[in-house]
Each structure stands twice: as C-alpha cells, then as structure tokens.
Visitor: 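Structure in structure tokens, see below.
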Number of protein chains: 2
Amino acid sequence: MKISTKGRYALRLMLDLAINNTGEYIPIKRIAERQEISEKYLEQIITQISRAGFVRSVRGSQGGYQLASPPEEYTVGMIVRLLEGELSPVVLTDEPGNYEQADRSVTADVWQEIKDAIDDVVDNITLAELVRRYHEKGNCEYYI
Amino acid sequence: MKISTKGRYALRLMLDLAINNTGEYIPIKRIAERQEISEKYLEQIITQISRAGFVRSVRGSQGGYQLASPPEEYTVGMIVRLLEGELSPVVLTDEPGNYEQADRSVTADVWQEIKDAIDDVVDNITLAELVRRYHEKGNCEYYI
DNA sequence: ATAATTCATATAGAATTAATATGAAATAAA
DNA sequence: TTTATTTCATATTAATTCTATATGAATTAT
C-alpha cells in the first residue's frame with residue numbers, strides 16, 4: 001500500500017518547479033541536485049509529466065523545464081495519478097457509474113470508500129497551496 | 001498504491017467467519033471453496049490472523065476456526081493492517097507525536113493527510129457493519 | 001565547434017507478490 | 001487403533017514491479 005518513488009518524486013519535482021516559478025527554464029540537473037534524486041531517474045519521470053503537457057520544455061544549452069500553467073492549476077492528485085495511475089487500493093473494474101451500489105460486493109464498497117477518501121485529499125491540495133505552506137514553514141531552503 | 005491480495009483475502013476471510021458466526025468451527029477448506037481462493041494461501045493468511053488472536057482454532061477432524069470476539073470488535077483497519085502493515089502511502093519515519101508539523105516537509109504532510117483519511121475510513125467500519133450491509137444487499141449467497 | 005540539455009529507449013539488480021509444495025502435529029470418527 | 005481431516009510450520013518458486021543505471025541521438029545557446 002505504497003505510492004512509489006515515481007509518484008513521490010514527481011510531486012517534489014513539480015513543487016520544486018512551482019517554488020522556482022520565475023519564468024526561467026530550469027534544467028532537470030538543478031532539481032536533481034536540490035532534491036538529491038538521481039538525475040536520470042528524474043528525466044524519466046519528467047518525460048511522462050512533459051508528455052501530459054504539465055510542463056513546457058526547451059532543449060539544449062540554457063534549456064530546461066517550467067510549469068505550463070500557474071501552480072493553482074495543479075492538484076496533488078493530477079500529478080501523482082500521472083505516475084501511479086488511479087489512487088485506488090484495488091483495481092476497481094466496476095466504474096461507480098456503471099453499477100448500482102447494491103450490485104457490488106461489500107468489500108468492493110470498502111475499497112471504493114477508501115479511494116474516495118484519498119481522492120478527496122489529493123484533489124483538494126494544489127501546488128499553490130503547497131508553495132504557501134512551504135513559505136509558511138520557512139525552515140529550510142529546499143526541505144520539500 | 002495497492003492493498004495486496006493478502007490484505008483483501010484476510011478481510012473476506014474474516015467477513016466469511018462473521019457471516020457464519022454460529023459458534024461452530026469452520027475449516028479453512030470451506031472458506032476457500034466459498035471465496036474461491038487457494039486453500040493453502042488462505043492457510044498462510046489465517047495463520048497470521050490466528051497468531052494475532054483474532055480467531056480461535058481447533059486442530060484435527062471437525063476442527064477449524066471461529067472469531068475470537070463478536071464482529072463488532074473488529075474493524076477493517078485492524079484486519080487489513082495485520083497483513084499489510086500501516087496503511088500509509090509512504091513510510092513515515094517521523095511519528096506524528098515526535099515532531100511539530102512545521103519540522104516536517106510539506107510533501108510529508110500530504111502523505112500524512114492521506115494516511116489519516118484512510119485510517120478514518122477503515123477504523124470506522126466494523127465486521128458487524130459489513131455483515132449488516134451484506135444482508136441488506138441480499139443479492140447473492142457469498143458475493144462478499 | 002562545444003557544452004549543455006532534452007528526448008528515447010534498453011538493460012538490470014533487488015524486492016515484492018502470489019502462490020505452490022512438503023510434511024509434521026493434533027483430533028474426531030470408524 | 002487406524003484413518004481421514006484439519007491446523008501448523010516452513011521452504012521454494014515464478015512472475016511482476018520497483019528503482020534505478022546506461023547509452024546515445026537530437027537540439028540549442030554560446
């Protein structure tokens with residue numbers, strides 16, 4: 001029952017970009033240094049993020065990444081789901097809309113309740129909120 | 001981000017015992033048949049459950065298992081955690097009590113919020129509640 | 001040209017998952 | 001007392017997933 005490093009690193013990566021959202025392009029190398037995460041691993045991760053259109057990229061010298069939209073536009077859920085898939089404790093083949101509650105098993109309902117609770121958390125925290133909390137703490141430069 | 005089959009089967013197993021909580025001892029073979037789960041795999045699982053004292057067992061012919069306490073006494077959380085460990089999306093080394101919120105990273109706080117939301121769900125559903133829901137649905141004999 | 005950087009894909013070791021297998025110990029019933 | 005049934009204990013294994021590392025092509029500013 002764990003979110004893998006990909007999902008967690010993705011959030012730290014996006015938060016790093018949000019905190020340093022100055023309009024400049026930030027190379028992945030810089031983020032890897034700050035976050036102490038393998039550069040090549042981060043490259044894989046941001047590739048997925050980039051393909052989803054969450055960031056803009058510029059190749060070559062002086063290139064890098066920046067957020068495609070303002071931090072208010074990104075929820076934790078959007079980012080983590082991109083790397084992890086649905087944040088469901090089980091594979092729920094029955095989509096909530098397709099079946100009545102009564103047609104599903106009681107254990108399936110439990111997993112659905114857990115999923116809903118998780119979604120409620122991650123869909124209501126934006127990068128902007130995390131940036132705000134980060135500055136509020138103000139205890140350590142890149143302790144994300 | 002999944003609960004493994006052990007945790008899920010454990011819940012179905014305990015729910016099966018709760019539904020059939022007549023005072024008789026139920027062999028694991030019976031449960032395996034009803035739930036269509038490998039008998040040997042279920043044995044491994046109930047061994048852990050038994051060691052935790054959640055069930056009483058009797059060996060030999062006519063033996064089997066039964067709940068050690070009434071279904072009201074078991075929450076989904078107790079059962080699933082037994083097999084899965086903490087239902088936390090990451091390993092949270094900092095126990096909530098040991099550190100001030102401000103001393104932890106903003107991402108750690110997110111994972112903590114997710115954990116709290118999950119705990120809130122699983123700690124407030126008992127086996128008795130699931131038995132009630134099961135009878136309420138009443139659509140299929142062992143569709144757990 | 002050169003250095004820096006994204007982009008694309010392949011490879012690999014470690015860990016975890018999900019079982020299956022083997023057999024000993026205990027108990028009721030024949 | 002034998003037999004069938006059942007829990008209890010532990011070992012093994014195949015498949016999958018995780019967590020990277022590696023190689024190198026394409027692009028761009030200097």
Side-chain angles (χ1 to χ4, degrees), chain A residues 1-13 16-17 24-68 80 82-86 88-91, chain B residues 1-13 17 20 24-68 80 82-86 88-91:
Chain A
M1 186 62 181
K2 294 281 173 278
I3 290 175
S4 75
T5 50
K6 283 204 174 177
R8 289 184 279 134
Y9 291 171
L11 183 58
R12 286 168 63 187
L13 193 166
D16 190 295
L17 285 178
E24 288 173 25
Y25 284 86
I26 299 172
I28 207 69
K29 186 179 186 180
R30 202 66 25 83
I31 299 174
E33 284 164 7
R34 285 200 286 252
Q35 302 301 322
E36 295 179 314
I37 299 172
S38 148
E39 186 182 335
K40 276 296 176 189
Y41 197 34
L42 268 189
E43 264 185 34
Q44 274 183 42
I45 292 166
I46 205 160
T47 293
Q48 286 191 62
I49 293 173
S50 183
R51 281 183 186 144
F54 287 11
V55 293
R56 269 189 293 270
S57 66
V58 169
R59 283 183 165 194
S61 185
Q62 300 296 99
Y65 299 92
Q66 65 182 201
L67 294 184
V80 178
L82 199 60
L83 280 289
E84 299 285 324
E86 279 299 321
S88 170
V90 302
V91 177
Chain B
M1 185 62 181
K2 295 278 172 280
I3 290 174
S4 75
T5 51
K6 284 205 174 175
R8 290 185 279 133
Y9 290 172
L11 183 59
R12 286 168 63 187
L13 193 167
L17 285 179
N20 300 284
E24 288 174 24
Y25 283 87
I26 300 172
I28 208 67
K29 187 178 184 179
R30 202 66 26 80
I31 299 175
E33 283 165 8
R34 283 200 288 253
Q35 301 301 323
E36 295 180 312
I37 298 172
S38 151
E39 186 183 334
K40 275 296 176 190
Y41 198 33
L42 268 191
E43 263 185 35
Q44 275 183 42
I45 292 165
I46 205 159
T47 293
Q48 287 193 60
I49 293 174
S50 184
R51 283 184 185 144
F54 288 11
V55 292
R56 268 189 293 270
S57 66
V58 169
R59 282 182 166 195
S61 186
Q62 300 295 101
Y65 298 92
Q66 65 183 198
L67 294 184
V80 177
L82 199 60
L83 280 290
E84 299 286 323
E86 279 298 321
S88 169
V90 301
V91 177

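Computed from heavy atoms alone, side chains included, the values below leave out hydrogens, waters and symmetry copies. Since the model is a prediction, treat every value here as computed from it, not as a measurement. Numbers restart at 1 for each chain; the letters A, B, ... are given by sequence-line order, proteins then strands.
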Visitor: Given D:dT5, is OP1 or OP2 found less than 4.0 Å from the side-chain N or O atoms of B:Y25?
Guide: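 Negative; the distance criterion is not met.
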Visitor: For A:E24 and C:dA4, give me the distance from atom CD to atom P, rounded to whole Å.
Guide: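 It works out to 18 Å between those atoms.
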Visitor: Assign a letter to each nucleotide of nucleotides 10-23 of chain D from its 5' end: B, base within under 4.0 Å of a protein heavy atom; S, sugar-phosphate only; -, no contact.
Guide: -B-------BBB-B
Visitor: Rounded off to whole Å, could you give me the CD1-to-P distance for the A:I49 and C:dT6 pair?
Guide: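 Going from A:I49 (CD1) to C:dT6 (P), I get 13 Å.
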Visitor: Roughly, in whole Å, what's the span from CD1 in B:I37 to C1' in C:dA19?
Guide: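 From B:I37 CD1 to C:dA19 C1': 12 Å.
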Visitor: For the pair made of CD1 in A:I26 and C1' in C:dT6, what is the distance, rounded to whole Å?
Guide: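 The answer, rounded to whole Å, is 15 Å.
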Visitor: Does A:S61 or B:P27 map to a spot on DNA chain D nearer the 5' end, using the closest nucleotide for each?
Guide: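 Closest to the 5' end, via its nearest nucleotide, is B:P27.
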Visitor: Could you tell me if the side chain of A:M1 sits less than 4.5 Å from the side chain of B:K2, heavy atoms only?
Guide: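 They are not in side-chain contact.
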Visitor: Within this structure, what is the CD1-NZ distance for the pair A:I31 and A:K29, rounded to the nearest 0.5 Å?
Guide: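 Rounded to the nearest 0.5 Å, the CD1-NZ separation comes to 13.5 Å.
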Visitor: Please determine which of B:R34, B:R30, B:Q66 meets the side-chain contact (heavy atoms from CB on, under 4.5 Å) test together with B:N20.
Guide: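 That would be B:R34; it is the only one of B:R34, B:R30, B:Q66 passing the side-chain contact (heavy atoms from CB on, under 4.5 Å) with B:N20.
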Visitor: Which part of the nucleic acid, if any, lies within reach of A:I46 when heavy atoms closer than 4.0 Å are counted: base, sugar-phosphate only, or nothing?
Guide: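 Touches nothing.
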Visitor: In whole angstrom, what separates B:K29's NZ from D:dT6's C1'?
Guide: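 Result: 10 Å.
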Visitor: Between C1' on C:dT5 and CD on A:Q66, what's the gap in Å once rounded to a whole number?
Guide: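 To the nearest whole Å, that distance equals 15 Å.
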Visitor: With A:L13 as reference, evaluate A:V55, A:L83, A:L42 under the side-chain contact (heavy atoms from CB on, under 4.5 Å) test and give the passing residue.
Guide: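 Of all the options given, the one that passes is A:L42.
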Visitor: Is any side-chain heavy atom of A:T5 less than 4.5 Å from a side-chain heavy atom of A:Y41?
Guide: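 Yes, close enough: below the 4.5 Å cut-off.
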Visitor: What's the shortest heavy-atom distance between A:V90 and B:R8, and which atoms?
Guide: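 Looking at all heavy atoms of both residues, the closest pair is CG1-CD, 2.9 Å.
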Visitor: Counting just side-chain N and O atoms, does B:S57 come under 4.0 Å of either OP1 or OP2 of D:dC8?
Guide: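 Affirmative; the distance criterion is met.
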Visitor: Of the listed nucleotides (D:dT28, D:dT6, D:dT7), which one gets closest to any side-chain atom of B:R30?
Guide: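 The closest nucleotide is D:dT6.
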Visitor: Are the side chain of A:E84 and the backbone N or O of A:S4 linked by a donor-acceptor pair below 3.5 Å?
Guide: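 Checked: pair present.
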Visitor: May I have the distance from A:L42 (atom CG) to C:dC7 (atom C1'), rounded to whole angstrom?
Guide: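 Computing the A:L42:CG to C:dC7:C1' distance gives 15 Å.
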Visitor: In whole Å, I'd like the distance from the CD1 atom of A:I28 to the P atom of C:dT6.
Guide: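 Going from CD1 in A:I28 over to P in C:dT6 covers 6 Å.
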